[in-house]
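Structure first, commentary second.
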Amino acid sequence: MKKTSLLWAVLLLLWAGSAHAVRTDAVIGLQLEPPHLDPTSAAAGAIDQVLYANVYQGLTRFNEDGAIAPQLAKSWEIAPDGLEYTFTLQENVHFHDGTPLDAKAVQFALNRARTENSTNAQKALFTDIESITIHDALTLTIRLKQPNGQFLFNLAWGDAVIIAPHNVDDLRQKAIGTGPYQVAKWVKGDRIELTRHHHYWGKPPALESVIFRFISDAAAARAAVQAGAVDAFPAFPAPETLAQLAENPAFALINGTTEGETILAINHQRPPFDRLEIRQALAMGINRQDIIDGAMFGYGTPIGTHFAPHHPAYLDLTNTPPYNPETARKILKQAGLDGLTLTISLPPPSYARRGGEIIAAQLRNIGITAQLIPLEWAAWLEHVFRNKDYDLTIISHTEPFDIGIYARKDYYFGYDSPQFRAIMRNLKSASDPQTRTRLLHQAQRHIRDDQVNVFLFQLANAGIRNAQLMGLWQHAPTQALDITGIYWKN
Amino acid sequence: MKRGQSQIIIGGVVLGAIILAGLLSLIWTPADPLAMAINQRMQMPSAGAWLGTDHFGRDILARLMAATPLTLSVAFIGVSIGFIGGVPLGLTAALTPRPLIGQILMRGGDVFFAFPILIMAMLITAGFGGGAWVAILAIGFFNIPVFLRVTRAGALGQSHCTYIQSARLAGKSTARIAIEHIFPNIAPLLILQASIQFSLGVLAEAGLSYLGLGASPTTPSWGRMLADSQTLMGLAPHLAIAPGVVIVVTVLAINLIAEGLRQRLDPRQQNLLGRGQAWR
């Protein structure tokens, strides 16, 4: 009797303990591990996912809805000619190692990003800067060469964050930023642990520590979620299991949008893909909804041009040209390309691997034999992106507002259109919202008319979280996973 | 009934049925194994699709049938490479008058044997790209030392028999003795070993395709069907069960035949088998 009551007491204590101690940590699952910790020199999205807003901050930032908000800059004034931006910095901002942030650090970071030999992956963001002048410790003026309606947007990118000037040689190994979290530990191949920065200038985050765990295998990711080894897995690699997981009340679905335009990219430098009618035939032979349903299990929105559907200036061009395999087959026959054989290079994500199988089956219907070449990321970057050694590839372009890539002559799909470059130039100098919208419509139509690529769908931010874990972003307006606002419900 | 006959008959009938289904797939399948119908994916077995449809709405039975010739021929050609490469080397190692050559061959075989099929396939893929022939080569290379060892052990046992010595005294060359006397006498042993290696070859092909090291993604393959259905186990278990059962039944049938063959070998050669255990 004594024993049983003791046992009950212990159990009661355990229960009380577990019910009232709110967890102060969370584990977030990520499919890809960052190759290193330097957000200013690599295109790898995984770096921003871990570090953007959590560890590193910029003058401005993206909010969950994609809007631009002030961050290290408390406020700014724009000169009437649109050429001078005067920023006032937040007070009492310290880097993780205790050194204060001042206008000098900002000047250093932005100058470093725009110099001749800068290795910044998005150097184009800074090309319009003419000079940066410091007024006092907390105010500085950036002068532009020409008005740029997107300048504040450019400064919000993960590539424009303010790094600690004295850490510049160790950026790849050490992350010293101004964010609410600092990198405490990186176990390569497994996880990165962030802990709270106790001298953070802004509102302190609710959780003491957040761990990013890297699980690339879809089956393992699902097992980790089910076992509770990760508390949330945004951008879940196995969309097919989401509906089933969400039936369990312990889990809640994350279903939002991303900036990922998923395209079937075409190599214009390789005949016969330099011919418009052949590219149009490819587009007519592809049924987008089948790819969304088959590869993403319904998560995704069809797109007809390289533009995000949730953007106010988006044009729905998905029905032009309409899905029409008969016409596609006729065009190919007339061009003497009946029985064309081509290759599709596929990076690891399931949108590409599964999407590739579906596209191969659809192309088979219009008389094209497609060979699939599965590639790991490093091989994809080398063969497809750098060496342009491919026919077709499936890839999601996850940078926000990236229609400008079609103006790059030496970009990997090899599209070269002076008219499109002119549209982009006009857009850059336009600040009037109506003009901008008109130009954006023009740009979207232009790449559709040229059928530069086959535009497939907007990648969804589909994932799963513990139903008690609140404050995660539903949408992914940039390649970031802002965990500064997450907390446990009870 | 002779010993082992029932195993051979049962195994033979099952394997024969699988081979027939595979041959049939070359001219007819119940549906196009490559045709997708996304809106009819993951259907349970029905009159329209006897084993149901997969995650792209393709007919599972048609895909299983269409994958059979590839799987069986990859395993068969792979084992044949091992046989053709390993047996002459094994005979040489056993009968060569120079012990150094025998030593070199055996140690060389040991080095090859140290590489599992998977590592072999990854090396080939890294060097020359993927495809079904990667699986063939990996299985083939893996089997060479297997046959090398079995042949040498068997040939050594025979070489001390009186009829071999009398053949030597009659002036026959070592090569002729190897081909005319030793090979026929160890042939049952080698056939038995080949059947065991064949069933392992089927498993290896499935395993390599499962890992994406075998046939290209669009080609139907038992191993790839398993890999594709892995994350769908909770939603549609029949996607994984169908190829899983086919692999198990095929390997079982071949093993039954091998077991029957083993029982039919005479006791003396069974002893010999005991010494030549080189498979794994």
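In what follows, chains carry the letters A, B, and so on, assigned in the order in which the sequence lines appear, proteins first and then strands, with residues in each chain numbered from 1.
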What part of [X] gets within 4.5 angstrom of chain B, counting heavy atoms only: side chain, backbone, both, or neither?
X	value
A:Arg354	both
A:Gln244	side chain
A:Ala218	both

With respect to chain A, which residue among B:Asn39, B:Asp228, B:Leu232 yields the maximal number of heavy-atom pairs within a distance under 4.5 Å?
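Max contact count across the listed options: B:Leu232.
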Quick check on the interface: out of B:Thr231, B:Thr218, B:Leu235, who has the most heavy-atom pairs with chain A under 4.5 Å?
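Between B:Thr231, B:Thr218, B:Leu235, the count favours B:Thr231.
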Is it true that atom CZ of A:Phe214 has more than 12 heavy atoms of other residues, nucleotides or ligands lying nearer than 6.0 Å?
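Atom CZ in A:Phe214 is packed in, count exceeds 12.
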Under 6.0 Å from the CE atom of B:Met122, do we count more than 12 heavy atoms belonging to anything else shown?
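Counting neighbours around CE of B:Met122, 12 or fewer heavy atoms of other residues, nucleotides or ligands fall under 6.0 Å, so no.
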Using non-hydrogen atoms only, which part of B:Asp32 is less than 4.5 Å away from chain A: side chain, backbone, both, or neither?
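Side chain of B:Asp32 only, per the 4.5 Å heavy-atom cut-off to chain A.
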Less than 4.0 angstrom from a charged side-chain N to a carboxylate O is my criterion; do B:Arg224 and A:Glu357 meet it?
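Salt bridge: no.
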Could you grab the distance from atom CG of A:Asp217 to atom CD of B:Gln230, nearest 0.5 Å is fine?
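With rounding to 0.5 Å, CG (A:Asp217) is 6.0 Å from CD (B:Gln230).
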Looking only at heavy atoms, what is the nearest atom pair of A:Arg364 and B:Ala35, with distance?
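Looking at all heavy atoms of both residues, the closest pair is NH1-N, 4.0 Å.
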Looking at chain B, which one of A:Asp290, A:Thr241, A:Leu372 has the largest number of heavy-atom pairs inside 4.5 Å, strictly under?
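Ranked by heavy-atom pairs under 4.5 Å with chain B, first place is A:Asp290.
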Could I get the full list of ring-ring contact (aromatic ring centres under 6.0 Å, His included) partners for A:Trp377, not counting sequence neighbours?
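For A:Trp377, the residues satisfying ring-ring contact (aromatic ring centres under 6.0 Å, His included) (neighbours in sequence not counted) are A:Trp380.
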